[in-house]
Amino acid sequence: MDRCIYGCSAVIYFFFLLTASALPRNVEPGHHNITGSGQINSNSVLVALLDSRYTELAELVEKALLLQTLEDAVGRHNITIFAPRNEALERDLDPDFKRFLLQPGNLKSLQTLLLSHIIPNRVGSNQWPEENSGRVKHATLGHDQVLHLSKIKGNGKRLVNSAVITRPDDLTRPDGLIHGIERLLIPRSVQEDFNRRRNLRSISAVLPEGAPEIDPRTNRLKKSAAAAVAVPAGSPPILPIQSAMAPGPSLAPAPAPGPGGQRHHFNGDAQVKDFIHTLLHYGGYNEMADILVNLTSLATEMGRLVSEGYVLTVLAPNDEAMAKLTTDQLSEPGAPEQIMYYHIIPEYQTEESMYNSVRRFGKVKYETLRFPHKVEAKEADGSVKFGSGDRSAYLFDPDIYTDGRISVQGIDGVLFPEEKEETVKQSRSSVKKVVQQRRGKLLEVACRMLGAIGKDTYLGKC
């Protein structure tokens with residue numbers, strides 16, 4: 001008897017839930033999909049996300065403790081979610097970066113990353129900007145984070161930042177919709193926080209050892225290593241960077257007084273790996289990363305230089321600029337290395353420092369690793385312009401990566417040094433000297449005597 005009563009009441013309560021969940025299905029898109037008690041309906045976009053193919057994203061949302069925040073957002077307005085496919089979060093994401101996101105101390109970074117994928121209004125595929133209208137900016141639920149919507153010219157593919165929309169309007173509900181995207185969108189603040197924490201772990205707590213002094217004329221050590229005087233940590237390297245890249249055959253001196261030596265207090269390999277991963281996550285710089293890693297050994301060389309205490313600024317051409325390179329420009333032996341060397345400045349420059357320099361001095365020439373060529377920078381259209389004429393490039397994506405040792409600035413063109421044909425004018429005219437044969441002393445005396453009496457015509461040589 002009791003069992004029947006309890007069972008019947010459970011069945012009635014179950015049908016009541018089904019009826020309550022089915023009522024709001026006819027709600028128009030402009031209305032909020034919330035019941036009178038403030039709970040989210042089964043027809044909500046949040047329920048669709050948790051029960052969709054985007055299981056990895058749903059799991060991250062739960063781990064980030066964002067369900068209540070998203071419920072409050074849905075209660076106020078429609079939302080648009082850009083959901084990365086599961087493969088982008090399982091296989092394509094850097095394992096160290098994923099481990100960083102899941103650490104309890106980095107909860108704020110995880111929340112910022114996820115909220116930057118959500119726009120607090122409804123943007124369907126039919127509301128995308130046209131190809132000729134450029135990029136349209138939308139604010140997100142993340143703090144000071146925006147997304148840019150655009151279309152690729154020619155094929156009409158929709159983009160959010162630089163990620164392609166693979167499933168437009170994949171899930172539509174009265175209170176929002178979900179677009180499927182090819183990869184995760186990583187805000188710059190989250191990437192910088194990850195790089196900063198990784199670099200702090202890689203720096204040793206042991207005080208650096210000083211390097212001996214170097215005679216710049218002979219490129220040799222002035223003192224023995226035992227008599228070397230320790231220098232403060234973080235001091236700039238003594239040896240010029242060109243000499244550090246190719247040391248002399250007699251003796252390769254320790255190039256950096258602070259971080260150089262066996263301990264390598266700067267983990268250059270990890271920092272170069274960080275900035276290459278940042279290029280790939282940022283999007284639009286895959287060709288640059290491919291040249292650094294696969295076509296050349298520049299990534300390894302840059303890591304060694306950073307480990308030895310040098311700082312670098314990389315002017316990274318985007319994929320559109322790299323696609324304009326011809327086969328002739330890349331076919332010569334060592335051509336990719338020479339092109340990249342001209343895009344690496346042995347100084348630490350940010351967008352702010354370079355812009356302030358060109359504003360103050362008009363034109364600034366920066367040394368490059370392609371010695372002795374320099375890259376010229378000047379102010380143009382409120383930005384920094386490198387080079388001149390057809391071989392110029394603008395600062396397009398500022399401060400893609402900045403960690404205090406390596407700075408990466410995105411540009412919209414490939415730079416080449418100016419080829420100045422120096423014609424040397426030889427002003428020395430060849431003067432023909434007529435050498436007269438010297439006569440003998442006896443002949444001279446004879447001619448002088450004959451000349452005294454007026455008979456010098458007897459000898460034809462007089």
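This chain uses plain numbering: 1 for the first residue, then up along the sequence. Only this structure's heavy atoms are used, side chains among them; waters, hydrogens and symmetry mates stay out.
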- Task: Could you walk me through whether D381 and Y394 pass the side chain to side chain donor-acceptor pair (under 3.5 Å) test, one step at a time?
- Result: CA-CA 9 Å; D381 302 328; Y394 283 88; 3.2 Å; yes

- Donor-acceptor contact below 3.5 Å, side chain S307 vs main chain G268: yes

- Message: Going by side chain to side chain contact (heavy atoms under 4.5 Å, CB included), Y285 matches just one of T278, D397, D290. Which one?
- Response: D397

- With the threshold set at 4.0 Å, does a side-chain nitrogen-carboxylate oxygen contact exist between E367 and K374? yes

- Task: Apply salt bridge (Lys or Arg N to Asp or Glu O under 4.0 Å) to the pair E56 and K98, showing each step before the final yes or no.
- Result: CA-CA 12 Å; E56 290 291 324; K98 188 172 184 179; 3.7 Å; yes

- Item | Minimum heavy-atom distance between V272 and M302, given as atom pair plus value | CG2-C, 3.9 Å

- Establish, from distance only, whether the side-chain atoms of S162 and R183 form a donor-acceptor pair under 3.5 Å. yes

- Query: Does a donor on one side chain sit under 3.5 Å from an acceptor on the other, for Y341 and E301?
  - Reply: yes

- Item | D274-Q271 side chain donor-acceptor pair, cut-off 3.5 Å | no

- Query: Any donor and acceptor pair, going by atom type alone, linking the side chain of N161 with main-chain N or O of L147 inside 3.5 Å?
  - Reply: no

- Message: Using 0.5 Å steps for rounding, measure from the NE2 atom of H343 to the CZ atom of F386.
- Response: 10.0 Å

- Query: Is a side-chain donor or acceptor of D403 paired with a backbone partner of R196 at a separation under 3.5 angstrom?
  - Reply: no

- Message: Closer than 3.5 angstrom, by distance alone: can the side chain of D175 be matched with the main-chain N or O of H77 as a donor-acceptor pair?
- Response: no

- Item | Nearest heavy atoms of Q349 and T313, plus distance in Å | N-OG1, 2.8 Å

- Which heavy-atom pair separates I291 from M322 by the least distance, and what is that distance? CD1-CE, 3.0 Å

- Query: Of all heavy-atom pairs between A321 and G413, which one has the smallest distance, and what is that distance?
  - Reply: CB-CA, 3.5 Å

- Query: Which atoms form the tightest heavy-atom contact between E182 and A163, and what is the distance?
  - Reply: OE2-CA, 3.7 Å

- Under 3.5 Å, is there a donor-acceptor pair linking the side chains of E379 and Y355? yes

- Sequence neighbours left out, what passes ring pair (Phe, Tyr, Trp, His ring centres under 6.0 Å) with Y282? Give chain and number order. none

- Item | Side-chain heavy-atom pair I118, T80 within 4.5 angstrom cut-off | no

- Message: Using the rule given for salt bridge (Lys or Arg N to Asp or Glu O under 4.0 Å), can you reason through K108 versus D193, listing the C-alpha separation, both sets of side-chain angles and the distance that settles it, and then say yes or no?
- Response: CA-CA 11 Å; K108 188 173 182 60; D193 191 21; over 6 Å; no

- Task: Hey, could you give me the CD1/CD1 distance between I344 and I339, rounded to the nearest 0.5 Å?
- Result: 12.0 Å

- Verify, without hydrogens or angle tests, whether S125 (side chain) and D169 (backbone) share a donor-acceptor contact under 3.5 angstrom. no

- Can you name the ring pair (Phe, Tyr, Trp, His ring centres under 6.0 Å) partners of H179, sequence neighbours left out? F82, W128

- Rounded to the nearest 0.5 Å, the CZ atom of R304 sits from the OG atom of S297 at a distance of 10.0 Å

- Task: Specify whether F97 and F194 have parallel, tilted or perpendicular ring planes, treating 30° as the upper limit for parallel and 60° as the lower limit for perpendicular.
- Result: perpendicular

- How would you list, by chain and number, every residue that makes a salt bridge (charged side-chain N to carboxylate O under 4.0 Å, His left out) with R85, sequence neighbours excluded? E87, D92

- Please name the residue in the list L171, T172, I79, L57 that meets the side chain to side chain contact (heavy atoms under 4.5 Å, CB included) test with I178. L171

- Task: Scan side-chain atoms only and decide if S407 and D399 contain a donor-acceptor pair under the 3.5 Å cut-off.
- Result: no

- Task: Give the minimum heavy-atom separation between P417 and H373, together with the two atoms involved.
- Result: CB-ND1, 3.5 Å

- Message: Let me confirm one number: the OH-CZ distance from Y401 to R188, rounded to the nearest 0.5 Å.
- Response: 13.5 Å

